[in-house]
Amino acid sequence: MKFKMTPLEKKWVLYDVGNSAFTMLVTTIFPIYFNYLAGNAGISDVNYLAYWGYASSICTLLVALMGPTLGAVADTKNFKKKIFTTVMLIGVAGCVILGFLSSWIWFLGVFVIAKTGYSASLVFYDAMLTDVTEPERMDTVSSQGFAWGYIGSCIPFIASLVIVLGGGKVGLSMQSSMVIAFIITAAWWLASAIPLLCSYKQKHYVESAGHVVRDSFIRLGHTFRDIKKEKHIFLFLLAFFFYIDGVYTIIDMATAYGQALGLDSTGLLLALLVTQIVAFPAVLVMSRISKKIGSTNVLTICIVAYLGIILFACTLDKQSEFWFLAVMVGLFQGTVQALSRSYFGKIIPAEKSGEYFGLYDICGKGAAVLGTTLVSVMTQLTARMNVGVGAISVLFIIGFFLFRKAVKLNPEV
């Protein structure tokens with residue numbers, strides 16, 4: 001039987017289409033433009049990669065610190081949409097401002113603000129999953145979000161790519177091209193959020209006793225205390241911390257890594273466009289497979305596959321190898337994110353989805369601070385970029401064993 005989404009589920013999925021455009025820009029054009037700015041300022045390739053990694057780490061650390069607190073507040077009746085809207089608009093505004101900056105240090109500073117707003121919006125967007133659908137539909141709806149997000153993000157990305165690569169032919173400077181590209185992405189992102197904001201209603205919530213912030217901190221304290229007793233949730237979060245660390249580090253550092261290796265910028269961008277295109281059908285196919293063999297088994301396959309991807313990345317030195325890497329990432333990237341999100345949504349209390357997804361974000365994007373910092377530090381210490389990349393493999397190994405242990409504690413999901 002063909003799966004049919006409800007109107008609200010479709011609007012929730014549409015936001016994935018919009019915010020994915022920003023992700024695509026961050027992982028492709030942003031580091032290339034920063035490389036251009038850093039090069040003009042005399043920054044070496046090794047330090048360029050390190051500074052980009054440090055900026056990404058700061059973003060994820062900020063969200064890790066804010067996520068649970070804001071998530072606890074958002075669980076209060078009628079607060080989730082308000083906080084989601086605020087942080088999303090901060091991200092959109094930052095995206096526009098970035099195009100007008102010509103200083104590499106200012107670019108990094110505003111990038112941290114914009115990406116923090118984007119990442120924080122995903123805490124509340126993910127938490128909305130428990131409100132827009134039912135537990136038995138979560139795997140498919142979550143997968144649809146990532147699938148359409150990947151293919152939908154290609155539209156503004158291709159438009160931006162044409163402007164950035166072809167702007168010089170019509171008299172546009174690099175900075176003018178970037179301004180247009182960033183505005184296109186920001187407008188796409190904002191437009192995709194409007195239908196969800198118009199229709200979303202918080203279905204699961206806690207009532208306010210009159211002191212929203214204070215009560216939220218009290219509930220958050222109870223959650224930290226209770227989560228130790230819920231071993232299946234605690235172990236999954238710990239496993240997620242390790243394996244998703246590697247996934248997000250690859251997303252954040254792929255283009256910067258290719259640039260530092262001296263690979264052609266146009267080829268890097270086109271290869272990562274292929275990742276998006278491959279990811280679209282791959283997520284949908286994997287979603288169907290998960291119905292037959294179980295989402296936990298598909299997640300296990302993805303973790304093992306990523307371990308192989310990291311080991312291959314250590315030997316990468318040719319453009320053709322980067323293309324192969326891009327295809328392999330596309331096969332598993334969306335699935336590991338989609339099924340992790342839906343699996344977590346099924347094992348937590350729905351009325352506490354905001355604060356639980358705040359913790360989820362600590363173990364997700366917050367974990368990437370370890371991976372990007374590891375790459376940066378190891379690269380500078382050894383002056384060998386492949387050493388930093390290779391070190392990430394141990395995180396997938398740890399994540400694999402912890403995840404399988406978590407599954408054994410909660411086999412019914």
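For the single chain, residues carry numbers from 1 onward in sequence order.
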If we only count heavy atoms from C-beta on, is the Leu339 to Ser290 side-chain gap below 4.5 Å?
yes
Could you walk me through whether Asp245 and Ile392 pass side-chain contact (heavy atoms from CB on, under 4.5 Å), step by step?
CA-CA 8 Å; Asp245 184 348; Ile392 300 170; 5.7 Å; no
Between Leu108 and Ala55, the two heavy atoms sitting closest are CD2-CB, 3.5 Å
Flag, side chain of Ser295 to backbone of Lys291, donor-acceptor distance under 3.5 Å:
no
Intermediate values then yes/no, side-chain contact (heavy atoms from CB on, under 4.5 Å), Ile309 and Leu325
CA-CA 7 Å; Ile309 288 170; Leu325 184 72; 3.5 Å; yes
Measure the shortest side-chain to side-chain distance between Gln144 and Leu284 over non-hydrogen atoms and say whether it is less than 4.5 angstrom.
yes
Could you state the interatomic distance from CG (Leu307) to CG (Leu311), rounded to the nearest 0.5 Å?
5.0 Å
Could you please spell out the steps behind the side-chain contact (heavy atoms from CB on, under 4.5 Å) verdict for Met128 and Leu196?
CA-CA 10 Å; Met128 289 178 182; Leu196 179 61; 3.8 Å; yes
From CE (Met286) to CD1 (Ile293), nearest 0.5 Å:
8.5 Å
Can you establish whether the number of heavy atoms outside Phe312 located under 6.0 Å from its atom CZ is more than 12?
yes
Could you pull out all residues at least two apart from Ser20 that satisfy side chain to side chain donor-acceptor pair (under 3.5 Å)?
none
With side chain to side chain donor-acceptor pair (under 3.5 Å) as the test, would you mind laying out the steps for Ser173 and Ser176 before giving the verdict?
CA-CA 5 Å; Ser173 65; Ser176 297; 3.0 Å; yes
So, for Val336 and Ile244, which heavy atoms are closest and what is the spacing to 0.1 Å?
CG1-CD1, 4.5 Å
Which pairs of donor and acceptor atoms, one on a side chain in residues 80-101, lie under 3.5 Å apart (sequence neighbours left out)?
{"from": "Lys80", "atom 1": "NZ", "to": "Asp131", "atom 2": "OD2", "distance (Å)": "3.2"}
{"from": "Lys80", "atom 1": "NZ", "to": "Ser353", "atom 2": "OG", "distance (Å)": "2.9"}
{"from": "Lys81", "atom 1": "NZ", "to": "Leu197", "atom 2": "O", "distance (Å)": "2.9"}
{"from": "Thr85", "atom 1": "OG1", "to": "Lys81", "atom 2": "O", "distance (Å)": "2.7"}
{"from": "Thr86", "atom 1": "OG1", "to": "Lys82", "atom 2": "O", "distance (Å)": "3.0"}

Find the distance between CD1 (Ile158) and CE (Met24) and round it off to the nearest 0.5 Å.
8.0 Å
How would you list, by chain and number, every residue that makes a side chain to side chain donor-acceptor pair (under 3.5 Å) with Ser340, sequence neighbours excluded?
Tyr243
Closest non-hydrogen contact found for Thr133 with Val141 is OG1-CG2, 3.8 Å
Hey, what do you get for NZ (Lys408) to CG (Leu235), rounding to the nearest 0.5 Å?
11.5 Å
Would you indicate whether the side-chain heavy atoms of Phe403 and Thr296 approach each other to under 4.5 Å?
yes
Parallel, tilted or perpendicular, judged at 30° and 60°: which one describes the rings of Trp189 and Tyr118?
perpendicular
With sequence neighbours left out, the residues meeting side chain to side chain donor-acceptor pair (under 3.5 Å) with Thr275 are none
Check Val132 against Glu9 and note the closest heavy-atom contact, atom names and distance.
O-CG, 3.4 Å
Hits for ring pair (Phe, Tyr, Trp, His ring centres under 6.0 Å) against Phe182, two or more places apart or cross-chain, chain-then-number order -> Phe30
Any non-hydrogen side-chain atom of Ile184 less than 4.5 Å from a side-chain atom of Ile163?
yes
Set of salt bridge (Lys or Arg N to Asp or Glu O under 4.0 Å) partners for Glu136, sequence neighbours left out
none
Ser160 (side chain) donor-acceptor with Pro156 (main chain) under 3.5 angstrom
yes
Enter the distance from Met178:CE to Tyr33:OH here, rounded to the nearest 0.5 Å.
6.5 Å
Considering residues at least two apart in sequence or located in another chain, which fulfil the side chain to side chain donor-acceptor pair (under 3.5 Å) criterion with Trp323?
none
For residues Thr130 and Lys203, determine if any side-chain heavy atom of one lies less than 4.5 Å from a side-chain heavy atom of the other.
no
Residues that Tyr125 engages under ring pair (Phe, Tyr, Trp, His ring centres under 6.0 Å), provided they are two or more places apart:
Trp12, Tyr15
Distance in Å, Ile289 CD1 paired with Ile301 CD1, rounded so as to fall on 0.5 Å steps
7.5 Å
Given Phe240 and Phe344, is the ring-ring contact (aromatic ring centres under 6.0 Å, His included) satisfied, shown in steps?
CA-CA 10 Å; Phe240 183 67; Phe344 188 67; 7.7 Å; no
How about Lys11 and Tyr200: do any of their side-chain heavy atoms sit closer than 4.5 Å?
no
Least distance between heavy atoms, Ser143 atom then Val283 atom:
O-CG1, 3.2 Å
Sub-4.5 Å side-chain heavy-atom contact between Met328 and Phe324:
yes
Please check this pair: side chain of Ser177 against backbone of Val164, looking for a donor-acceptor N/O pair closer than 3.5 Å.
no
Donor-acceptor check, side chain of Thr335 to backbone of Phe332, threshold 3.5 angstrom: yes or no?
no
Crowded around Trp104 CH2? As in, over 12 foreign heavy atoms under 6.0 Å?
yes
Mind checking side-chain contact (heavy atoms from CB on, under 4.5 Å) for Ile155 and listing every partner two or more places apart, or none if nothing turns up?
Trp188
Ring pair (Phe, Tyr, Trp, His ring centres under 6.0 Å) against Phe400, all qualifying residues, sequence neighbours excluded:
none
Restricting to ring pair (Phe, Tyr, Trp, His ring centres under 6.0 Å), what partner residues turn up for Phe396, sequence neighbours left out?
Tyr306
Mind listing the closest non-hydrogen atom pair of Leu14 and Pro195 along with its distance?
CD2-CG, 3.6 Å
Residue pairs involving residues 139-161 (criterion salt bridge (charged side-chain N to carboxylate O under 4.0 Å, His left out); sequence neighbours excluded):
Asp139-Lys346
Can you check whether Asp126's main-chain N or O pairs, donor with acceptor, with Arg341's side chain at less than 3.5 Å?
no
